[in-house]
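Notes to accompany the following structure.
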Amino acid sequence: MGDMREIRNIVILTGAGVSAESGIDTFRSAGGLWENHRVEDVATPDAFARDPNLVLRFYDMRRAAIQEKEPNAAHVALARLEEHWPQRTGGKVLLVTQNVDDLHERGGSRRVIHMHGEHLNAWCTSCDVRSRWWGPLIDRPPCPVCSARTLRPDVVWFGEVPYRMGEIFAALREADLFVSIGTSGAVYPAAGFVKNARELGAQTLELNLERSQGSHHFHESRLGPASEVVPAWVEELLR
Ligand code: BV8
């Protein structure tokens with residue numbers, strides 16, 4: 001990685017690999033399948049219109065599963081970086097995650113952009129309000145605000161527009177370092193961030209178990225499990 005003195009603003013993108021060691025399946029590990037359905041076929045508005053019970057069960061199962069998991073050393077290290085980096089350098093740290101679990105927050109991160117939404121939110125398609133939600137949606141419970149029985153998972157499906165893209169691109173424009181952790185680089189626009197960052201002059205670093213589809217775009221790749229590679233990288237920065 002380039003001269004550490006020049007690094008002030010850091011943008012971090014995480015994917016399912018950062019939660020893998022917490023026991024949350026990545027999309028690729030299950031071969032991208034769930035009950036013999038390809039995720040791309042379940043995580044879509046069409047699937048929800050065609051078979052709402054299948055889609056609601058898919059998300060009810062995963063929403064319940066994450067509540068039994070704990071953050072791992074990678075989540076905790078990223079929270080430490082967010083806490084100490086600004087004091088040390090006056091620089092900023094922005095964590096953008098593709099993950100819909102809450103392990104970054106439970107690991108101590110306070111500034112997290114969930115560009116693909118969150119399992120623990122339910123989105124009412126009648127009043128448009130998003131409410132914190134821990135239970136199932138399969139029984140079509142009433143919206144806490146307007147009572148309509150029209151709650152859906154607050155998750156960005158394929159073909160839907162990711163959240164807070166304006167803030168993300170603004171941060172990429174100011175980034176001195178872009179770090180991608182635990183993602184296969186298979187899904188856009190997240191997979192394109194490294195190219196955007198590099199064209200805007202940032203250093204780019206990949207921390208992943210194996211080389212990803214976008215590895216060739218990174219100045220540097222460090223391979224290994226996130227629970228080892230991420231804390232080591234954070235210690236190097238905070239030394
Ligand atoms: C959009 C929420 C326009 C849902 C997700 C052709 C037809 C139709 C659409 C498209 C098309 N071509 C491109 C598109 C666009 C499409 C897309 O990219 N499709 C792909 C399939 C080609 N994208 C969209 O539709 C997006 N919307 O484009 O709108 C637009 C564009 C720009 C600006 C404005 C508007 C919306 C996509 C969002 C879909 N929702 N998640 C849910 O969770 O159910 S995607 C989901 O899969 C994840 O969120 C993530 O983004 C993606 C990939 O998952 P990863 O996180 O990377 O996980 P994966 O398993 O793949 O990889 C894990 C990695 O970790 C591996 O590399 C592994 O080696 C590593 N790993 C494993 N263990 C460890 C580890 N690393 C470290 N330590 C370990 N222990």
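Counting convention: from 1, in listed order, for ligands and their atoms alike.
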May I ask you to check if ligand 1 and [X] share an N or O to N or O distance below 3.5 Å?
X: A16; answer: yes
X: E40; answer: no
X: E21; answer: yes
X: N99; answer: no

> Quick check: are there more than 12 heavy atoms from other residues, nucleotides or ligands sitting under 6.0 Å from CZ of R88?
Replying inline: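 Yes, enclosed.
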
>> Counting neighbours of NZ on K69 that are heavy atoms of other residues, nucleotides or ligands and sit closer than 6.0 Å, is the number greater than 12?
In response: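 Yes, enclosed.
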
> How does E160 reach ligand 1, if at all, at less than 4.0 Å between non-hydrogen atoms: by side chain, backbone, both, or neither?
Replying inline: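 Answer for E160: backbone.
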
> Between V187 and ligand 1, which part of the residue brings a heavy atom under 4.0 Å of the ligand: side chain, backbone, both or neither?
Replying inline: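 Near ligand 1, V187 shows its backbone as well as its side chain.
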
Counting non-hydrogen protein atoms only, what is the nearest one to [atom]? Give residue, atom name and distance.
atom: atom 18 (O) of ligand 1; value: Y188 N, 2.7 Å
atom: atom 70 (C) of ligand 1; value: N208 OD1, 3.5 Å
atom: atom 78 (N) of ligand 1; value: A226 N, 2.9 Å

>> Using modelled atom types and a 3.5 Å cut-off, is there a donor and acceptor pairing between side-chain atoms of E40 and backbone atoms of F158?
In response: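 Flag not set: sc E40 to bb F158 has no pair under 3.5 Å.
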
Using heavy-atom distances, let me know which of [options] sits nearest [atom].
atom: atom 42 (C) of ligand 1; options: Y59, W157, F58; result: Y59
atom: atom 64 (C) of ligand 1; options: A20, G182, G15; result: G182
atom: atom 61 (O) of ligand 1; options: G224, S19, S184; result: S184
atom: atom 21 (C) of ligand 1; options: Y163, F169, F158; result: F158

>> Going by the rule salt bridge (charged side-chain N to carboxylate O under 4.0 Å, His left out), which residues pair with E206 if we only count those two or more places apart in sequence or in a different chain?
In response: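 Once residues adjacent in sequence are excluded, E206 has no partner under the salt bridge (charged side-chain N to carboxylate O under 4.0 Å, His left out) criterion.
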
> What residues, two or more places apart in sequence or in another chain, satisfy salt bridge (charged side-chain N to carboxylate O under 4.0 Å, His left out) together with E70?
Replying inline: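 Once residues adjacent in sequence are excluded, the partners of E70 under the salt bridge (charged side-chain N to carboxylate O under 4.0 Å, His left out) criterion are R106.
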
> For H114, which of H119, R164, E105 qualifies under side-chain contact (heavy atoms from CB on, under 4.5 Å)?
Replying inline: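 With H114 as partner, side-chain contact (heavy atoms from CB on, under 4.5 Å) holds for just one option, E105.
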
> Once the angle between the rings of H104 and H75 is folded into 0 to 90°, is it parallel (under 30°), tilted (30 to 60°) or perpendicular (over 60°)?
Replying inline: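 Judged by the thresholds at 30° and 60°, the geometry between H104 and H75 is perpendicular.
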
